[in-house]
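One is the number of the first residue; the rest follow in order along the sequence.
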Amino acid sequence: EMLRSLVGSEMCIRDRSNKKRISMEIKYTGMELKLHRHGIQTTLASVFGAMLIATPLVGDSALANGIVMGKFCWCRLSMALMAIGTVVTAWLGGRKSIPFALPDGLLLLFAGITLATYDWQLDPEPEKLLFGGQLVVLWFLLRYFLTEAPCLKFFFLFVLMLTGLVEAVWGMQQLHGYAYSNHSLFRLTGSFFNPGPYCGYLAVVLPVCLWTALRFQKGMHYFGWVCAGAILIVLPAGMSRSAWMAAVVACGWVYWTERIGWEKTKAVCRRYKNATIPFIAIVAILVGCTIAGVYGMKQDSADGRLLMWKVTGKAIAGQPLAGTGLGGFPAAYAEAQGGYFATGNATDREKRVAGCPEYAFNEYLQIGLEQGVGGLIVFVAWLGSMAYYGIRNRQQGAAGGVLALAVFAVSSYPLQLPSFWVALVFLGAICVTEAGTRTRSSALSVSPVCHITMISLLSLASVCLFILQKGQYEAYKRWGRMQMIYNNKAYESVAEDYHELHDKLKHKPEFLFEEAQCLSKTGQHAEAIRVLERAKRLSGDPMIRYMIAKNRQTLGDYREAEEELLQAIGILPERLYPYYLLAKLYAEPEFYQVDKLRAAASVVLAKKPKVETTAIREMREEVKKIIEKKAAVKS
């Protein structure tokens, strides 16, 4: 019995040992599988995230307006791939709950306001509307990825800095003649179409580089300084005052938070109490002098922007709550500017610098006009909440990037370009998502199945948005080929092609203008007017009104042609071309009006243009011949 008990106890010990070994093996295998799943998830998020951040570097010369549209198409493709990858990784095993923060709700609210104010009947910006939907999906997918793998935060910032370095080197090559610029008037454009947005993008990346150089040691410390140094070499050459201001404000804030902070600032103020007020006064004077100097660099340009803001403010006052809807700015601005000049309160300088811009050169005013004052308040709150979360989560680099973009948006148009939206969404998601969200009480308590379902629905929505834009790439590619024929003035051979693409591109005023030109040159004047009337609702470009007037004159609708030209003059009174067209209109035998003809001709002959060109000299010569001919007939 003693032997039996010893053998039994030995077997029991061996059995427990085997169970423990088996349990350890199962645990190890589970951990290995979890690491494998986590590795796949991180890899896919890294690849697709890097593809999206690299959007500024992409372009496609085969497309019409390929510098911008190439970036839009790249974003759509990258988003679709990220959505598919997200579904795969979610089912492989992402189980952390995403904490629903204030910026998430504000973003959804702003998206809802955009949909509510959109003019669905006119449908002026279907591509931007779909792109906005993809950005909302991207925001929540990034929140999911960054919650599952917080290490992706710095990886995405690293890729952003890398794009800034590539852009800076690209700009250096353009300055020294080793690379072509994308604009005939500027040597420095990087991968953008002019120096403004190029410098603005560098200004957004610069505070991230500075933060990296100040926060980290060794490798990343030096990489941050290299990127910052390369950007600082190129940025002054771009002559973008808006970008300079954004860079100074954001970098100053990043340096203050990393090296000084509130405690040191208060200690210095207490220690040098008597010198604080004089110091602030001196700084204020220096800032004022700097602003005056920057204003004097391009005074006409600055005055033009001040007029844009003034007129946009008047347009907002006309419909503060409803807004015009996404894409409604150009036509609403032209109408408001015409109304302002009709009051007689405009100065001669304002009339001289006036234009009909596509953008307000102030994103806040443009949002206030298009989405109403409510949309503007929600958008500003969204930006502010992202910066607040970035400070709270010690992501001063990403918060500095958001601040730079917010400052740059005061006097430029970054949110009209996909590169800036992608950068803003990435920076904002990095600011808002905090580490260790599994244990936070603010996390949404959902079951794993529910969690996977929500992520899958988001991904499915992104794929659906991509499918809705099916055929747009080919449409723009075909339009690009058609433009080569159009620019060679072979209107008859390309008129039918424009007609076939009308339904896909009828939201682009440039396309409609070219289509109308082909119709006009082939004798289809009534159809050309119909196309131009739609273009007039989408754009404030005065050339559209001039062309409507010319087609109406050809059809004998002289009163309508005169009204169109007078409206164009009311919007831009300093342009010579509409007076030239009026002179030709009043010279028509069926509409001959000698007094009006002399008045229009005198403006063409006497008014001094901004730039004396060959076209202006030719117009004046033709008007002189018309006057001489009419005088000879009368005598």
Side-chain angles (χ1 to χ4, degrees), residues 311 330-344 346 348 351-352 354-356 509 512-513 515-609 615-616 618-634:
V311 172
Y333 179 89
E335 182 180 352
Q337 184 165 280
Y340 172 58
F341 288 156
T343 62
D348 291 338
K351 293 179 181 179
R352 190 166 61 252
C356 278
L512 295 176
F513 184 86
E515 180 186 5
Q517 182 78 336
C518 292
L519 291 169
S520 179
K521 294 297 183 181
T522 54
Q524 303 175 67
H525 300 288
E527 187 65 20
I529 292 170
R530 186 187 67 81
V531 172
L532 288 167
E533 286 293 342
R534 174 174 174 81
K536 189 170 70 173
R537 297 176 65 193
L538 298 172
S539 172
D541 187 353
M543 284 302 298
I544 295 172
R545 294 180 182 273
Y546 303 159
M547 195 170 175
I548 292 174
K550 289 167 71 175
N551 279 279
R552 290 200 179 279
Q553 181 177 344
T554 303
L555 292 175
D557 300 330
Y558 301 118
R559 291 291 179 190
E560 291 83 352
E562 179 188 28
E563 183 181 351
E564 205 71 51
L565 289 173
L566 291 175
Q567 288 178 0
I569 290 171
I571 296 170
L572 292 174
E574 294 299 309
R575 297 284 176 91
L576 286 180
Y577 190 60
Y579 291 101
Y580 161 75
L581 293 179
L582 273 177
K584 293 182 68 176
L585 177 65
Y586 294 137
E588 288 280 351
E590 296 86 353
F591 198 63
Y592 180 63
Q593 301 179 54
V594 61
D595 293 335
K596 290 184 177 181
L597 171 59
R598 287 175 180 171
S602 65
V603 173
V604 176
L605 297 174
K607 189 178 284 289
K608 187 177 180 181
I616 290 174
E618 290 175 353
M619 282 192 292
R620 285 174 172 165
E621 289 297 325
E622 188 172 351
V623 167
K624 286 179 182 177
K625 290 178 181 178
I626 291 173
I627 295 295
E628 291 171 359
K629 182 178 179 182
K630 291 296 180 181
V633 170
K634 187 177 180 180

* Partner set under side chain to side chain donor-acceptor pair (under 3.5 Å) for Tyr340, not counting sequence neighbours -> Lys310, Glu350

* Stepwise, does the salt bridge (Lys or Arg N to Asp or Glu O under 4.0 Å) test hold for Arg352 with Glu574? -> CA-CA 6 Å; Arg352 190 166 61 252; Glu574 294 299 309; over 6 Å; no

Compare all side-chain heavy atoms of [X] with those of [Y] and state whether any distance is below 4.5 angstrom.
X      : Y      : value
Tyr592 : Tyr586 : no
Ile529 : Leu519 : no
Ile616 : Met619 : yes
Glu562 : Tyr558 : no

* Quick one: CD on Gln593 to CZ on Arg598, what's the gap to the nearest 0.5 Å? -> 13.0 Å

Who passes side-chain contact (heavy atoms from CB on, under 4.5 Å) against [X], sequence neighbours left out?
X      : result
Lys550 : Tyr577, Leu581
Ala587 : Leu597, Ile626, Lys630
Pro330 : none
Glu621 : Lys624

* Asked: What are the two closest non-hydrogen atoms of Val604 and Leu576, and how far apart are they?
  ->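 Residues Val604 and Leu576, closest heavy atoms: CA-CD2, 4.0 Å.
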
* Can you check salt bridge (Lys or Arg N to Asp or Glu O under 4.0 Å) on Glu622 and Lys625, steps first, answer last? -> CA-CA 5 Å; Glu622 188 172 351; Lys625 290 178 181 178; over 6 Å; no

* To do: Hey, could you give me each pair passing ring pair (Phe, Tyr, Trp, His ring centres under 6.0 Å) that has a residue in residues 517-542? Not counting sequence neighbours.
  => none

* To do: Could you walk me through whether Lys536 and Glu533 pass the salt bridge (Lys or Arg N to Asp or Glu O under 4.0 Å) test, one step at a time?
  => CA-CA 5 Å; Lys536 189 170 70 173; Glu533 286 293 342; 3.4 Å; yes

